[in-house]
Amino acid sequence: MIAFILRRLVQSVIVMLTVALVAFALFRFVGDPIASMVGQETTLAERAEIRQALGLNDPFPVQFWSFLTRAVQGDFGISYRLQQPVMELILSRLPATLELALVSGIMAFAFGVGFGVYTALRRGNWLSGSIMTISLIGVSLPTFLIGVLLIWVFAVELQWLPSFGRGETVYIGDWWRTGLLTSSGRFSLILPAITLGLYQMTLIMRLVRAEMLEVLRTDYIKFARARGLSNRAVHFGHALKNTLVPVITITGLQMGSIIAFSIITETVFQWPGVGALFINSVRFVDVPVMAAYLMLIALVFVVINLVVDLLYYAVDPRLRVDRASARS
Amino acid sequence: MPTPLLSVRDLVVEFPTRRGTLRALDHVSFDIAEGEVLGMVGESGAGKSLTGAAIIGLLEAPGRIAGGEVWLKGERIDNLSPEKMRRVRGRRIGMVFQDPLTSLNPLYTVAEQLIETIRTHLDLSEKDARKRAVGLLDRVGIPAAARRIDDYPHHFSGGMRQRVVIALALAAEPELVIADEPTTALDVSVQAQIIDVLKEACIERGASVMLITHDMGVIAETADRVAVLYAGRMAEIGPVRDVIQAAEHPYTSGLMGAIPTLTQTADRLTQIPGSMPRLNAIPQGCAFNPRCKHVFDRCRRDRPELIARGGGRHVACWLFDGAMEKADV
């Protein structure tokens with residue numbers, strides 16, 4: 001077990017290093033950072049001076065090493081556009097994205113598993129038929145279109161929910177600005193959370209349904225019925241737990257995508273999160289921000305993968321190191 | 001005659017399909033007395049497992065009981081509500097399936113599965129249920145049961161897992177255990193042990209056994225009576241010794257002839273020509289008539305019912321109809 005975790009940690013570090021290399025390479029190939037930092041009247045000599053001061057004339061490995069050592073300490077430099085430390089910028093925007101991702105992730109998982117189980121158990125009744133049909137829409141419509149449609153129906157026509165922003169926010173601690181504690185914050189969260197989570201929900205739902213149908217056909221379910229267990233025990237105790245093993249993987253990876261794909265939703269809903277920050281940075285070739293964002297998303301995926309692997313161990317005893325040797 | 005423990009009367013199981021209804025069990029009748037072991041043999045597809053599934057109420061859709069009655073100790077059970085039938089399963093009728101490797105849920109320990117079953121049917125505390133579970137495992141021959149009970153199914157070998165399955169089937173002291181080919185998936189070397197464990201554990205508790213198998217050897221050693229199914233119909237039923245030593249139905253004698261023996265010095269085993277008809281192409285009259293070497297006109301015209309032959313034997317063959325002289329088969 002320990003060896004497994006160590007091995008996974010080493011793998012994670014390698015992945016992060018690779019991403020760091022790509023992120024760092026961005027600095028060199030996206031354009032000349034000096035050009036976007038200085039005004040038009042800056043002389044060539046002054047530009048060369050800045051270039052020297054920023055260490056941009058150093059050889060590639062030296063620059064990469066200093067990027068790495070500073071990245072490890074959480075220092076990604078200063079945003080070209082906003083002239084603020086990148087880490088500060090990202091940290092101030094991260095709570096918005098995390099809250100959005102978390103809420104839509106939980107929604108996607110809860111409704112996905114719920115609908116998946118329901119449609120698997122009540123195959124052929126009209127309600128599960130309609131759920132399956134509607135889920136097709138969720139899978140096939142692009143996120144931004146769903147967002148725009150929701151805004152049109154619920155914000156413009158019905159005027160039930162706000163169409164953009166986070167609503168009122170309050171601070172928890174020094175820097176975590178949350179919208180979850182105010183009613184306008186919670187209302188503002190509904191539409192973007194649905195937009196972001198709908199695709200993941202339908203995906204989880206279809207996966208749960210397929211797995212559940214598969215598991216319900218197995219011998220141990222037949223045997224559980226033959227032992228006279230109640231339907232509830234058979235469906236939720238025995239079938240659902242076996243269904244969840246593959247579902248955990250997908251859901252975990254989807255959680256990463258939710259954070260990564262929040263870019264689109266945040267743009268549609270003017271949500272002040274890191275995704276919106278990234279889009280604006282791309283427009284202004286704000287390379288330090290882009291690089292930091294890339295590293296952040298990579299970190300999220302690496303951590304989630306690790307958690308998913310550990311969850312396997314919790315759910316499936318066959319993966320654990322044998323306590324007793326199998327004897328006959 | 002006392003009320004039999006299980007009485008199956010004219011059981012009909014049908015599968016509606018797009019191309020008409022298939023009749024998988026056709027008026028099957030038999031009894032199982034208390035404490036008796038009834039063997040049920042037949043080729044694959046003859047309806048052995050289906051009979052077991054129909055009795056315990058676990059026919060898979062679209063299969064359904066289309067006629068007949070199943071009585072358990074004088075109580076009719078084929079028309080119980082699903083909830084009442086659930087309480088019969090495990091509590092009054094236990095079941096052992098063919099493949100022990102897939103019968104146990106891999107994500108729960110043996111203890112969890114046993115205690116769950118015990119507490120579903122009996123009003124016991126967690127602690128008492130656990131004590132009982134250890135006793136059951138001990139009884140089915142699992143060494144160091146108190147320690148191994150917290151292992152997961154994958155920690156056990158196939159033979160050991162089948163013992164666990166038997167313990168699970170017996171967990172709530174059922175009156176009848178239906179064992180559906182309990183040894184087919186096992187290594188030959190442990191088959192005999194498992195059959196012994198099953199039989200002894202049942203006899204001890206006074207439970208009857210319906211042993212479904214296609215292994216005549218197992219039937220000969222274990223069963224008191226044997227029922228032979230052919231194409232969803234009962235061909236012959238009677239005490240094991242009689243049926244094995246002097247089979248009356250031509251199909252049964254064909255089956256017996258196909259078993260190799262040590263004393264026999266034939267180059268080839270006898271075999272029954274042809275194969276069992278598909279359910280949608282069962283011939284008129286006796287289902288066995290195209291393969292039977294004693295076939296005559298009546299067999300192709302009328303379907304034979306079970307004819308009492310004395311000594312508890314019944315055979316569905318026109319050769320033994322009262323109108324005929326007893327033929328030498």
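Below, read A as the first sequence line, B as the second, and so on, with proteins coming before strands; counting in each chain starts at 1.
- For the 3.5 Å distance criterion, the side chains of B:D187 and B:S189 qualify, holding a donor opposite an acceptor.
- Note that CG of B:L186 and CE of B:M160 are 11.0 Å apart. Values are rounded to the nearest 0.5 Å.
- Using non-hydrogen atoms only and a strict 4.5 Å limit, the part of residues 115-130 of chain B facing chain A consists of B:E116, B:T117, B:T120, B:H121.
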Hey, mind stepping through B:L170 and B:C202 against side chain to side chain contact (heavy atoms under 4.5 Å, CB included) and telling me if it holds?
CA-CA 8 Å; B:L170 292 172; B:C202 290; 4.1 Å; yes
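- With rounding to the nearest 0.5 angstrom, the CG atom of A:L136 is 13.0 Å from the CD1 atom of A:I131.
- Among residues two or more places apart in sequence or in another chain, the ring-ring contact (aromatic ring centres under 6.0 Å, His included) test is passed with A:Y199 by none.
- A 4.5 Å side-chain heavy-atom check between B:R64 and B:P16 finds at least one atom pair inside the cut-off.
- In this structure, the separation between CG on B:L38 and CG on B:L6 is 9.0 Å, given to the nearest 0.5 Å.
- With respect to chain B, the highest number of heavy-atom pairs below 4.5 Å among A:V245, A:N242, A:T218 belongs to A:N242.
- Taking CH2 of A:W271 as the start and OG of A:S262 as the end, the distance is 10.5 Å to the nearest 0.5 Å.
- For a heavy-atom cut-off of 4.5 Å, chain A lies close to B:R86, B:R89, B:G90, B:I93, B:M95, B:F97, B:D99, B:T102, B:S103, B:L104, B:N105, B:P106, B:L107, B:Y108 in residues 74-108 of chain B.
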Apply side chain to side chain contact (heavy atoms under 4.5 Å, CB included) to B:D150 and B:V110, showing your working.
CA-CA 6 Å; B:D150 287 313; B:V110 167; over 6 Å; no
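- Looking at B:R205 and B:E175, no side-chain N of the basic residue comes within less than 4.0 Å of a carboxylate O on the acidic one, giving no salt bridge.
- Contacts from residues 96-125 of chain A to chain B, taken as heavy-atom pairs separated by less than 4.5 Å, involve no residues at all.
- With values rounded to the nearest 0.5 angstrom, B:L50 atom CG is found 10.5 Å from B:I55 atom CD1.
- Ranked by heavy-atom pairs under 4.5 Å with chain A, the first of B:V165, B:I178, B:V190 is B:V165.
- In this structure, CG on A:L229 lies 9.5 Å from CZ on A:F223, to the nearest 0.5 angstrom.
- Contact count against chain B (heavy-atom pairs under 4.5 Å) is highest for A:S230 among A:G237, A:S230, A:A233, A:A224.
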Residues B:V8, B:T51; criterion side chain to side chain contact (heavy atoms under 4.5 Å, CB included); working and verdict:
CA-CA 9 Å; B:V8 176; B:T51 311; 5.5 Å; no
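- Residue B:E60 qualifies as open at atom CD: its count of foreign heavy atoms under 6.0 Å is 12 or below.
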